[in-house]
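The sequence lines fix the lettering, A, B, ..., with proteins before strands; numbering per chain opens at 1. Atoms considered below: every heavy atom in the structure, side chains included; atoms not considered: hydrogens, waters and symmetry mates.
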There are 2 protein chains.
Amino acid sequence: MVKRDLTGLCPYVTSQKVLSGKWSIYLLYLLQEGPVRFNELQRKMPEDITHTTLSRQLKALEWEGLIVRQEFSQIPPRVEYSLSEIGMKFETVLEALGDWGSEYIEFVKNKDTIKK
Amino acid sequence: MVKRDLTGLCPYVTSQKVLSGKWSIYLLYLLQEGPVRFNELQRKMPEDITHTTLSRQLKALEWEGLIVRQEFSQIPPRVEYSLSEIGMKFETVLEALGDWGSEYIEFVKNKDTIKK
DNA sequence: CCGCATCCAAGTTGATACTG
DNA sequence: CAGTATCAACTTGGATGCGG
């Protein structure tokens with residue numbers, strides 16, 4: 001399992017470590033709206049991602065305390081993931097990231113057209 | 001050289017890719033204040049990082065357009081790195097990240113003390 | 001001072017198959 | 001449905017040494 005060492009006391013280094021998972025940001029983004037089931041998450045991912053990988057990413061985020069896993073004892077099984085309190089506080093970052101990301105995409109596009 | 005594929009059109013995926021370098025965030029943070037020289041950057045890093053690694057990270061950020069590299073023709077050489085325009089716009093994210101990181105560190109501390 | 005080339009070590013992801 | 005186990009493949013970072 002992925003257990004990132006979070007003892008680096010600098011906020012930026014710590015953030016970097018939390019975000020190091022390939023899908024961390026997008027998962028947090030998907031969970032903003034409320035609880036989502038495992039398979040639903042998998043379907044909503046922007047690229048194909050195996051359940052192995054998804055499972056690992058979720059475990060890591062859960063271990064770090066950003067998300068909460070709730071299991072319902074049913075057949076068939078049902079598991080929902082949602083943001084924890086500290087996870088919800090991350091939404092500020094997500095917002096900033098979304099805005100910047102959009103601007104950046106525009107920037108890259110323009111750079112490309114200039115080249116041609 | 002690290003050339004991250006930035007064609008994913010979703011802002012979050014794109015951001016994630018840009019931030020995937022182990023030191024991206026901290027480097028952008030250091031460059032906020034203005035131009036910094038190569039060796040100075042190396043010294044300011046929170047952990048020891050070889051110049052090879054630093055060089056690669058900087059090249060990646062430069063290639064992505066976030067930072068600008070200016071070389072002065074001198075002996076001994078002198079190279080300064082600074083934020084580009086789109087790089088400066090990233091400061092919003094940095095701020096949010098810094099705030100959240102601090103909160104998160106507190107959160108982790110409390111969790112640990114409860115365990116004991 | 002700055003940085004590249006090379007090689008190696010480590011960590012992450014992906015593919016596949018199996019389980020309650 | 002929601003995982004885990006295992007192993008192969010790939011990606012990164014780090015160490016070291018050479019060069020302008």
Worksheet item: Just by protein heavy atoms under 4.0 Å, how would nucleotides 1-6 of chain C read 5' to 3' in B, S and -?
Response: BSBBB-
Discussion item. If I take atom CD in residue A:Q57 and atom C1' in nucleotide C:dT12, what distance separates them, rounded to the nearest angstrom?
Written reply: 9 Å
Worksheet item: Would you find a donor on one side and an acceptor on the other, under 3.5 Å apart, between the side chain of B:T53 and the backbone of B:I49?
Response: no
Discussion item. Using a 6.0 Å cut-off, check whether atom OH of A:Y81 has over 12 heavy atoms from anything other than its own residue.
Written reply: yes
Practice prompt. Could you tell me whether B:R43 and B:E40 make a salt bridge, using a distance below 4.0 angstrom between a side-chain N and a carboxylate O?
Written response: no
Practice prompt. May I ask you to evaluate whether A:K22 reaches the phosphate of D:dT11, defined as a side-chain N or O under 4.0 Å from OP1 or OP2?
Written response: no
Practice prompt. Measure from the side-chain N and O atoms of A:Y104 to the backbone N and O of B:E64, and report whether any donor-acceptor pair falls under 3.5 Å.
Written response: yes
Worksheet item: Between atom CG in B:L19 and atom P in D:dT11, what is the gap in whole Å?
Response: 20 Å
Worksheet item: Over how many whole Å does the gap from A:M45 atom CE to C:dT13 atom P extend?
Response: 11 Å
Worksheet entry | Nearest-angstrom distance from the residue atom CD1 of A:I75 to P of C:dT19 | 17 Å
Practice prompt. Among residues two or more places apart or on two chains, list those pairs meeting side-chain hydrogen bond (donor to acceptor under 3.5 Å, both in side chains) that have a residue in residues 84-102 of chain A.
Written response: A:K89-B:E103
Worksheet item: What integer distance in Å separates B:Q16:CD from C:dT12:P?
Response: 13 Å
Fill in: Spacing between A:I49 atom CD1 and D:dG3 atom C1', to the nearest angstrom
14 Å
Worksheet item: Just how far, in rounded Å, is P of D:dA2 from CD of A:Q74?
Response: 10 Å
Discussion item. What is the separation between atom CD on A:Q42 and atom C1' on D:dG3, rounded to the nearest whole Å?
Written reply: 11 Å
Discussion item. Between A:Q16 (side chain only) and B:S20 (backbone N and O only), is there a donor and an acceptor less than 3.5 Å apart?
Written reply: no
